[in-house]
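Just below is one structure, and these are the notes that go with it.
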Number of protein chains: 2
Amino acid sequence: MTNTCDVCTYRSYLFDNLNKTEFGLLTLSRKEMFFRKGEIICREGEKINNFYYLKEGLLKVYKTVDARKEQIISISNPLDFIGLLSVFSNFNYIFSVSALENSSICIIELDALKKLIQSNGEFAMTLLEKMSKMNDQILETRLLINLKNLRGRTAYIILMFAKDIYKSKKFDLPVSRKEIAELIDMRTENVIRILSELRNDGIIKIEGKSIEIIDQKRLESISEFG
Amino acid sequence: MTNTCDVCTYRSYLFDNLNKTEFGLLTLSRKEMFFRKGEIICREGEKINNFYYLKEGLLKVYKTVDARKEQIISISNPLDFIGLLSVFSNFNYIFSVSALENSSICIIELDALKKLIQSNGEFAMTLLEKMSKMNDQILETRLLINLKNLRGRTAYIILMFAKDIYKSKKFDLPVSRKEIAELIDMRTENVIRILSELRNDGIIKIEGKSIEIIDQKRLESISEFG
DNA sequence: AAACAATATTGATATATATCATATGAAACC
DNA sequence: GGTTTCATATGATATATATCAATATTGTTT
């Protein structure tokens with residue numbers, strides 16, 4: 001909602017190293033946009049002109065495998081940069097991004113940002129650190145998920161939603177069963193089956209999209225050991 | 001072998017944007033080290049003090065899953081930075097690196113490099129671009145491999161060695177069957193079995209570590225469609 | 001409200017992959 | 001030189017996961 005960057009909490013997170021002039025320059029090229037749940041922010045293959053970061057909401061980053069199947073690479077939380085580092089190394093997006101919940105996104109012209117990187121080394125260093133941390137996390141998570149069996153993956157993803165995203169044992173899933181499958185490399189039927197198992201074992205409660213973790217210890221043990 | 005950076009071909013690849021003073025600063029903190037096949041360059045968990053890049057040879061980047069199993073994340077070619085971006089976002093390595101072939105590695109003190117990033121924005125930008133390209137590629141490759149069935153993965157990795165690493169249809173595998181398995185998420189027995197199948201189908205020749213691609217078209221088709 | 005499409009669910013079955021067992025040759029060790 | 005260890009190899013079997021099928025449930029469009 002707020003359109004002045006000065007008061008935006010995100011300033012301190014990323015733009016602390018900029019002086020007044022630089023910050024003004026950035027603000028000039030900056031826009032804030034609102035995306036409704038389901039809307040697409042950018043598409044694989046499109047030219048990259050902007051640098052996005054997520055102010056509020058929830059996004060998914062994904063690739064299209066074929067007409068019926070997508071591969072979800074990661075889920076973006078508020079404060080996340082969107083689009084991995086590829087914005088700096090590719091001319092075109094190598095993935096798509098869409099909104100899982102209504103989201104506010106800050107948009108900065110990539111050229112303006114690149115100029116700042118070149119003129120302000122402190123800022124460059126901060127950006128490099130933050131972006132590299134995010135990239136590492138995505139890769140590590142993908143490697144971790146692939147080591148687990150289906151039960152472990154399902155438990156892992158429930159815990160991710162509870163701990164990392166909603167910070168609560170009870171929450172509404174922002175995704176369909178199919179999307180969970182696409183995120184943790186499973187088939188929809190197996191996601192559903194295993195969710196039902198976990199319910200029958202008294203580890204979680206499910207009712208439609210609503211999930212509540214009953215026995216977190218057991219769920220974590222399943223996430224770790226399958 | 002050469003110890004003066006001026007003549008090193010790698011200068012133009014990465015350090016073009018530095019002036020004489022800056023370049024001198026970097027050279028001061030720079031060392032070149034030789035690692036024999038099998039030797040470990042750095043270990044998961046160790047403190048990060050240096051920025052490495054591979055001048056000559058071949059490395060593997062991996063994580064230790066348990067006493068008997070490793071997970072190979074990527075293979076580093078000459079010109080590659082070693083260690084993903086985590087060198088900028090972590091204090092300790094989140095993976096290990098060892099030499100698959102005798103290798104020459106340039107070692108720069110991380111602090112010296114960070115200073116340069118902060119003082120020279122052009123250099124920061126170049127580094128950001130190159131490192132992010134590498135990181136993206138690693139992630140993309142991992143996603144791609146996981147979409148394939150075992151036959152597809154095996155074909156893919158043979159083609160990777162032939163096209164990306166040795167640039168020849170005939171080459172000696174720098175890794176054991178077990179390591180191939182750890183690289184493409186399979187079991188050793190299945191790697192061996194499928195290699196034998198491909199041999200029996202007249203698609204490749206194998207003799208110990210030596211591999212020759214006979215029918216590249218079919219191999220590529222298997223890599224793509226399984 | 002009816003018709004339709006998408007999602008969720010469960011069961012039965014097929015298939016891919018892992019596991020176990022065994023053998024051989026080569027390298028490492030004492 | 002003999003013993004041990006590791007890499008390669010192949011077959012038989014077990015297990016995990018995908019696929020197919022059928023039905024309910026929810027959401028969407030008209």
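Here is how names work: the chains are called A, B, and so on, in the same order as the sequence lines, proteins then strands, and each is numbered from 1. Not measured: the values here are computed from a predicted model.
Taking the ring-ring contact (aromatic ring centres under 6.0 Å, His included) definition, one finds that A:Phe51 meets it with A:Phe81, sequence neighbours left out.
When the C1' atom of D:dG11 is taken as reference, atom CD of B:Glu197 falls 13 Å away, rounded to whole Å. Atom CZ of B:Arg193 is separated from atom C1' of D:dG11 by 8 Å (rounded to the nearest Å).
One N or O on the side chain of A:Ser176 and one on the backbone of A:Glu179 form a donor-acceptor pair closer than 3.5 Å. Between the side chain of A:Ser96 and the backbone N or O of A:Glu44, at least one donor-acceptor pair lies under 3.5 Å. Of the possible polar contacts, none joining the A:Glu220 side chain to the A:Lys217 backbone as a donor-acceptor pair under 3.5 Å is found.
Using a 4.5 Å cut-off on side-chain heavy atoms (C-beta onward), A:Glu70 and A:Val65 make no contact.
At a threshold of 4.0 angstrom between heavy atoms, the contacts of A:Leu150 are confined to the sugar-phosphate backbone, with no base atom among them.
Donor-acceptor pairing under 3.5 Å is lacking for the side chains of B:Asn135 and B:Lys133.
Both B:Asn190 and A:Lys148 lie near DNA chain D, and the one whose nearest nucleotide falls closer to the 5' end is B:Asn190.
Listed pair B:Ser196 / D:dT10 meets the phosphate criterion, a side-chain N or O lying under 4.0 Å from OP1 or OP2.
Using a 4.0 Å cutoff to heavy atoms of chain B, the contacted part of DNA chain C runs 5' to 3' from C:dT17 to C:dC20.
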